[in-house]
Number of protein chains: 2
Amino acid sequence: MSSDVPPAPARIDDETDARLLRAVALDPRGTLADLSAAVGLSVSAVQARVRKLEARGVIAGYRAIVDPESVGKPLAAFIEITPLDPAQPDTAPELLQHLDEIEACHSIAGAASYMLFVRVATPRHLETLVRDIRLAASVSTRTTVVLQTFYEGRPLLAGP
Amino acid sequence: MSSDVPPAPARIDDETDARLLRAVALDPRGTLADLSAAVGLSVSAVQARVRKLEARGVIAGYRAIVDPESVGKPLAAFIEITPLDPAQPDTAPELLQHLDEIEACHSIAGAASYMLFVRVATPRHLETLVRDIRLAASVSTRTTVVLQTFYEGRPLLAGP
DNA sequence: GTTGAAACCGTACGGGC
DNA sequence: GCCCGTACGGTTTCAAC
């Protein structure tokens, strides 16, 4: 944890929900019985809470973590993009949505407009993707290749 | 999909495994019966394949997607870091591991050494985190604030 | 890969606090 | 409102084929 600063405005009131979230986040395939043991509530109570967390959107969904190399995409990169013509309406995220090599798209502060995170098979594929992005969204790009990933997708809630 | 380039060197030979992976990635809480229907194999065969994918590390794990705002971390940022003294042994990823605001840490090509992705509660917390990173790893930083996230964590495998 | 049987789990419902 | 216990149907598991 970082140094202390005024309390964070979390939207989950309950300490039990926090523990539930941690448990579910780390093992979404675990049984309700597992969660029940983790938080000290009955299976029914746990089920009701999980459903509420899903309904409120606190739990937005579930995903399996797939190894990029195993599916033929060992090369990752950040691509910052900037519209060539600032006067034009800027719809880059929509224009790029169909490119499934793009894993993430954020609007950012700073010189560029957007930051993309992409995964491809080879440098050759990266070249092609960058060209496709430039053409599809009428933008200039600045690509930063990832050499090694130490960790990513760490859970949002730290455990005590 | 991007334009065509020589075939990607995927490590999953089987077309059935590819479909399984897609199905599991999108709905890791679905039942084996669901997967069975999706790939046209018996429940037991599906179970065996999923277990193999897990054992081979193709499926590296499972996560619940937690809404950052709901847990009090609405502010995201990219932080590029560069060692102050290039002669010193560079162990930044380890030195920063304890900071749980850091969601990802990549080594990168370019001017900076690493790219971090972080989530915090407020600008004030970001300031504190940046200071902590500088002190912990003896690095200079360049922070890019995320204004809006259009999408992230999109599945690695595209549809058929 | 498939089938089948036993153990386990998710779910709904009734009741209590 | 939130929680607990129970009973039923679906699911996971594993052995035998």
Side-chain angles (χ1 to χ4, degrees), chain A residues 7-67 70-72 153 155-160, chain B residues 10-72 153 155-157 159-160:
Chain A
R11 281 220 216 109
I12 52 162
D13 6 87
D14 202 318
E15 166 64 23
T16 305
D17 276 346
R19 293 212 290 166
L20 249 187
L21 262 183
R22 271 196 292 273
V24 174
L26 289 173
D27 182 20
R29 305 246 293 185
T31 66
L32 293 175
D34 295 336
L35 296 178
S36 169
V39 304
L41 251 57
S42 76
V43 170
S44 310
V46 168
Q47 188 189 35
R49 278 174 181 261
V50 171
R51 279 219 253 260
K52 275 193 187 173
L53 289 172
E54 290 171 345
R56 290 175 50 200
V58 178
I59 297 176
Y62 303 91
R63 283 284 162 82
I65 302 167
V66 176
D67 173 43
S70 299
V71 295
L156 259 64
L157 289 84
Chain B
R11 281 221 217 108
I12 50 163
D13 5 271
D14 203 320
E15 166 63 24
T16 307
D17 275 345
R19 293 211 290 169
L20 249 186
L21 263 181
R22 271 196 293 273
V24 174
L26 289 172
D27 182 19
R29 305 245 295 184
T31 67
L32 293 176
D34 295 337
L35 298 178
S36 170
V39 304
L41 251 56
S42 75
V43 169
S44 304
V46 167
Q47 187 188 37
R49 276 174 181 262
V50 171
R51 281 219 252 256
K52 274 191 189 176
L53 289 172
E54 290 170 347
R56 289 175 50 200
V58 178
I59 297 176
Y62 302 91
R63 283 284 161 82
I65 303 167
V66 176
D67 173 42
E69 297 192 18
S70 298
V71 295
L156 259 64
L157 290 84

**Message:** Checking contacts here: which listed nucleotide (dG10(C), dT2(C), dC3(D)) is nearest the side-chain heavy atoms of Ala45(B)?
**Reply:** dT2(C)

**Item:** Nearest-angstrom distance from the residue atom CG of Leu41(A) to P of dG16(C)
**Value:** 20 Å

**Request:** Indicate yes or no: does Arg29(A) engage Glu54(B) in a salt bridge with an N to O separation below 4.0 Å.
**Result:** yes

**Request:** Kindly indicate whether the side chain of Arg63(B), heavy atoms from C-beta on, has any atom under 4.5 Å from the side chain of Pro155(A).
**Result:** yes

**Complete:** To the nearest angstrom, the CG-P distance between Asp14(A) and dC3(D) comes to 7 Å

**Prompt:** Using a cut-off of 4.0 Å on non-hydrogen atoms, how would the nucleic acid contact of Ser42(A) be classed: base, sugar-phosphate, or nothing?
**Reply:** base

**Item:** Test side-chain contact (heavy atoms from CB on, under 4.5 Å) applied to Thr31(B) and Asp34(B), step by step
**Value:** CA-CA 5 Å; Thr31(B) 67; Asp34(B) 295 337; 3.3 Å; yes

**Fill in**
Separation of dC3(D) atom P from Leu35(A) atom CG, nearest Å, is 14 Å

**Asked** Taking side chain as C-beta onward, heavy atoms only, is Leu26(B) less than 4.5 Å from Tyr62(A)?
**Response** no

**Item:** Heavy-atom check, side chain of Val66(B) versus side chain of Leu21(A), under 4.5 Å
**Value:** yes

**Message:** If I take atom CG in residue Asp34(B) and atom C1' in nucleotide dG10(D), what distance separates them, rounded to the nearest angstrom?
**Reply:** 11 Å

Anything under 3.5 Å between a protein N or O and an N or O of nucleotides 13-17 of chain D, put it in a table, one pair a line.
| unit_1 | atom_1 | unit_2 | atom_2 | d |
| --- | --- | --- | --- | --- |
| dT13(D) | OP2 | Gln47(B) | NE2 | 2.4 |
| dT13(D) | O5' | Gln47(B) | NE2 | 3.3 |
| dC14(D) | OP2 | Arg51(B) | NH2 | 3.2 |
| dC14(D) | N4 | Ser44(B) | OG | 3.1 |

**Item:** Arg49(A) and Asp14(A) ion-paired at < 4.0 Å
**Value:** yes

